[in-house]
2 protein chains.
Amino acid sequence: MSTPRQSRADRRRATEARILDSARELFAEKGFERTTIRAVAAAAGVDPALVMQYFGSKRKLFGQAVQALPTPLPTTDADELVDQLLASLGLKLGGLPEGTLAMMRSMLTDQAAADHVRAALGRQIDSVGAALPDPDHPELRAALVVTALLGVTIGHQLLGLAALREAPADHIAALLRPAIKALAGPSG
Amino acid sequence: MSTPRQSRADRRRATEARILDSARELFAEKGFERTTIRAVAAAAGVDPALVMQYFGSKRKLFGQAVQALPTPLPTTDADELVDQLLASLGLKLGGLPEGTLAMMRSMLTDQAAADHVRAALGRQIDSVGAALPDPDHPELRAALVVTALLGVTIGHQLLGLAALREAPADHIAALLRPAIKALAGPSG
DNA sequence: CAATTCACTCTACAGCCGTTGACCGAACTT
DNA sequence: AAGTTCGGTCAACGGCTGTAGAGTGAATTG
């Protein structure tokens with residue numbers, strides 16, 4: 001056979017992607033500490049040493065597997081701002097990208113993940129604060145908006161609270177909207 | 001000397017308390033996984049084997065060190081309800097008891113802690129839902145109230161977001177109150 | 001004062017972890 | 001067809017973990 005069933009580069013790309021997928025899934029399910037390289041390798045049908053060879057270390061694998069939390073581009077329109085925030089925290093559409101879930105799952109026990117999330121939330125708070133009309137304490141109000149939504153996301157995606165899982169996403173969004181507006185400022 | 005400087009029972013109680021204090025502190029700071037029995041023992045000035053001897057296992061030590069998340073007794077008065085919720089999540093007064101912090105720190109990566117927190121939040125959601133006037137979806141509204149406050153607490157106590165740390169607690173409470181009322185129902 | 005209890009320490013085991021380096025065989029190159 | 005590259009495996013290391021059991025010496029008891 002002069003034509004191999006699969007080119008070397010193709011195989012390489014495919015297994016690398018398989019490893020990243022398994023890593024994302026396990027990091028999202030168990031967090032950084034409790035996810036072992038051996039488990040990722042087994043889920044990808046591969047030797048643990050290969051994971052090291054491709055990604056260098058568990059930390060670097062984590063870094064490649066997760067994605068940065070998206071910072072929304074807030075508009076000055078309050079309604080649109082609410083929608084963007086809800087979407088960025090996975091409360092609308094099909095949920096968060098798995099890499100983001102992995103990052104959030106690890107943020108309370110892993111220093112690096114905590115730093116990353118803190119920075120991302122800080123950026124989000126800043127931009128939300130800048131987009132608020134101009135009430136008394138825009139920064140604090142923005143922080144409350146973002147962290148309140150973070151809590152709903154945690155309860156929904158990470159803790160799996162029944163009361164939230166059973167509710168349709170746009171229903172949740174509809175109930176949250178007036179509360180967020182109340183937080184954003186007295187003028188609405 | 002017929003009078004020992006310290007009775008055996010006293011010493012026992014004292015070191016047991018010292019171990020529990022160290023455990024609470026470390027579990028709150030690092031979570032369940034990253035806290036080692038050796039570290040707890042070292043912080044308490046004691047041999048690791050003694051910790052095992054007194055508490056049986058790391059899991060049981062964790063169980064003794066953390067406390068159940070308090071379930072507030074909600075009144076039918078909305079203002080009082082808000083205050084009770086804020087207090088129960090550490091947003092007023094001197095903050096959460098350390099055992100609760102430890103539990104929250106571990107809730108995203110430890111199955112037992114997750115179950116415990118889920119149950120505690122579920123109870124809180126039920127009682128809050130029962131206390132709401134009677135809007136369209138009391139259970140869902142209650143879940144959103146509780147998880148939103150959970151998020152603020154996480155951002156404040158666990159992530160240490162600057163925008164929240166710098167704000168006085170009663171100021172935060174004042175801003176949150178109208179938002180919670182908006183969540184609780186259209187009637188206020 | 002002799003005997004016993006018990007708070008506490010020492011030493012060690014077995015298992016899992018991240019990580020490494022030697023190795024193999026199939027895909028490429030010349 | 002011979003030589004090289006490289007995706008992938010195998011076996012092993014050192015370190016850290018939770019945990020167990022034997023031992024020690026001071027407080028207690030009779």
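Every chain is numbered from 1, with letters handed out A, B, ... down the list of sequences. This is a predicted model, so every value here is computed, not measured.
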[N] [atom2] sits how many Å from [X] [atom1], rounded?
{"X": "B:Lys58", "N": "D:dT17", "atom1": "NZ", "atom2": "P", "answer": "9 Å"}
{"X": "B:Phe55", "N": "D:dA20", "atom1": "CZ", "atom2": "P", "answer": "16 Å"}
{"X": "A:Arg8", "N": "C:dC24", "atom1": "CZ", "atom2": "C1'", "answer": "13 Å"}
{"X": "A:Arg18", "N": "D:dG7", "atom1": "CZ", "atom2": "P", "answer": "14 Å"}
{"X": "B:Asp47", "N": "C:dC8", "atom1": "CG", "atom2": "P", "answer": "11 Å"}
{"X": "B:Lys30", "N": "D:dC16", "atom1": "NZ", "atom2": "C1'", "answer": "14 Å"}
{"X": "A:Gln53", "N": "C:dC24", "atom1": "CD", "atom2": "C1'", "answer": "13 Å"}
{"X": "B:Ile19", "N": "C:dC8", "atom1": "CD1", "atom2": "P", "answer": "8 Å"}

Report the nucleotide, chosen from [options], that has the shortest atom-to-atom distance to any side-chain atom of [X].
{"X": "B:Ala49", "options": "D:dT17, D:dT9, D:dA20", "value": "D:dA20"}
{"X": "B:Leu50", "options": "C:dT9, C:dG18, D:dT28", "value": "C:dT9"}
{"X": "A:Ile37", "options": "C:dC6, D:dG18, C:dT19", "value": "C:dT19"}
{"X": "A:Thr36", "options": "C:dG18, D:dG7, C:dC8", "value": "C:dG18"}
{"X": "B:Ser7", "options": "D:dT5, D:dT28, C:dT19", "value": "D:dT28"}

inquiry  = Check this one for me: any side-chain N or O of B:Thr15 less than 4.0 Å away from OP1 or OP2 of C:dC8?
reply    =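 So the side-chain polar atoms of B:Thr15 do come within 4.0 Å of the phosphate oxygens OP1 or OP2 of C:dC8, strictly under.
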request  = Answer yes or no: does a side-chain N or O of A:Arg12 lie under 4.0 Å from OP1 or OP2 of D:dG7?
outcome  =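 Yes, A:Arg12 has a side-chain N/O under 4.0 Å of OP1/OP2 on D:dG7.
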key: Worked check of salt bridge (charged side-chain N to carboxylate O under 4.0 Å, His left out) between B:Arg13 and B:Asp10   = CA-CA 5 Å; B:Arg13 263 188 297 272; B:Asp10 283 350; 3.1 Å; yes
query = Got a donor-acceptor pair under 3.5 Å from the side chain of A:Arg11 to the base of D:dG8?
reply =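 Checked by distance alone, the answer is no.
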inquiry  = Would A:Glu25 and A:Asp21 count as a side-chain contact (heavy atoms from CB on, under 4.5 Å) here? Give the steps.
reply    = CA-CA 6 Å; A:Glu25 197 170 329; A:Asp21 280 348; 5.9 Å; no
key: Name of the residue among A:Arg105, A:His116, A:Arg59 meeting side chain to side chain donor-acceptor pair (under 3.5 Å) with A:Asp110   =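 Result: among A:Arg105, A:His116, A:Arg59, A:Arg59 is the only option passing the side chain to side chain donor-acceptor pair (under 3.5 Å) with A:Asp110.
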task = Kindly assign one of parallel, tilted or perpendicular to the pair B:Phe32 and B:Phe27, based on the angle between their ring planes and the thresholds 30° and 60°.
result =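 Rings of B:Phe32 and B:Phe27: parallel, as their planes differ by under 30°.
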task = With DNA chain D as reference, determine whether B:Glu33 or A:Arg38 sits nearer its 5' end, using the nearest nucleotide of each.
result =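 Counting from the 5' end, the first nearest nucleotide belongs to A:Arg38.
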task = Between B:Arg59 and A:Val46, name the one whose nearest nucleotide on DNA chain D is closer to the 5' end.
result =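 That would be A:Val46.
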key: Over-ring placement of B:Arg12 relative to B:Tyr54, 6.0 Å and 45° cut-offs   =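 Yes; both conditions hold, so B:Arg12 lies above the ring face of B:Tyr54.
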